[in-house]
Undergrad: 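One structure, pasted below without further comment.
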Amino acid sequence: GFARWLDERKLTWAYEPHTLLLSDGRRYVPDFWVEEWQEYVELNGAHLPTDKADQAVADGHHVRVLQGLPAIRAFQSSFVVVS
């Protein structure tokens, strides 16, 4: 899956490493932290709500939300490895 894709690109990542406290009092655990991007990545099913991820973005957290397999695949295919 996505972890293997990150590994193939030799990116440093962690799965669910942090819990973010949102401004509305809720807690949110993004799926991945990618060190080289200094960004969280949230993978979500096409029909699942993204309200916590959206709030995290609004709160200023660096979260990339990829909703649904087409979005994940489009992101992966557009990724360019910089050497």
Undergrad: Who else is in Leu21's hydrophobic cluster (ILVMFWY, side-chain heavy atoms under 4.5 Å, direct or via others)?
TA: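 Besides Leu21, the hydrophobic cluster comprises nothing; the residue is isolated.
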Undergrad: With rounding to the nearest 0.5 angstrom, report the CD to CZ distance, Glu36 to Arg9.
TA: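 With rounding to 0.5 Å, CD (Glu36) is 13.0 Å from CZ (Arg9).
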Undergrad: Give the table of side-chain donor-acceptor pairs shorter than 3.5 Å for residues 71-81, with sequence neighbours excluded, one pair per line with atom names and distance.
TA:
| unit_1 | atom_1 | unit_2 | atom_2 | d |
| --- | --- | --- | --- | --- |
| Ser77 | OG | Arg73 | O | 3.2 |
| Ser77 | OG | Ala74 | O | 3.1 |
| Ser78 | OG | Ala74 | O | 3.3 |
| Ser78 | OG | Phe75 | O | 2.9 |

Undergrad: Can you list every salt bridge (Lys or Arg N to Asp or Glu O under 4.0 Å) pair that touches residues 11-31, not counting sequence neighbours?
TA: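 Qualifying pairs, neighbours excluded: Asp24-Arg26, Arg26-Asp51.
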Undergrad: Using links of under 4.5 Å between side-chain heavy atoms of ILVMFWY residues, direct or through other members, which residues join Val63 in one cluster?
TA: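 Val63 clusters with Leu20, Leu22, Tyr28, Trp33, Tyr40, Val57, Val65.
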Undergrad: Quick check on the hydrophobic clustering: are Tyr15 and Leu6 connected, directly or via other members, by side-chain heavy-atom contacts under 4.5 Å?
TA: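 Same cluster.
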Undergrad: Of all heavy-atom pairs between Pro30 and Glu42, which one has the smallest distance, and what is that distance?
TA: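 In terms of heavy atoms, the two residues are closest at CA-OE1, 3.4 Å.
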Undergrad: Using only atom types and a distance under 3.5 Å, with no angle test, would you say the side chain of Gln67 pairs donor to acceptor with the backbone of Gly45?
TA: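 Indeed, once roles are kept as given, a pair shorter than 3.5 Å links the two residues.
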Undergrad: Please step through side chain to side chain contact (heavy atoms under 4.5 Å, CB included) for the pair Val41 and Trp13, ending with a clear verdict.
TA: CA-CA 10 Å; Val41 178; Trp13 60 274; over 6 Å; no
Undergrad: Under the ring pair (Phe, Tyr, Trp, His ring centres under 6.0 Å) test, which residues partner Phe2, sequence neighbours left out?
TA: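 Only Trp5, Phe32 meet the ring pair (Phe, Tyr, Trp, His ring centres under 6.0 Å) criterion with Phe2.
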Undergrad: Scan for salt bridge (Lys or Arg N to Asp or Glu O under 4.0 Å) pairs involving residues 58-69, sequence neighbours excluded, and state none if there are none.
TA: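 Passing the test, one end in residues 58-69: Glu39-Arg64.
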Undergrad: Do Gln55 and Ser23 meet the criterion of a side-chain donor-acceptor pair at a distance under 3.5 Å?
TA: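 Per modelled atom types, Gln55 and Ser23 side chains form a pair under 3.5 Å.
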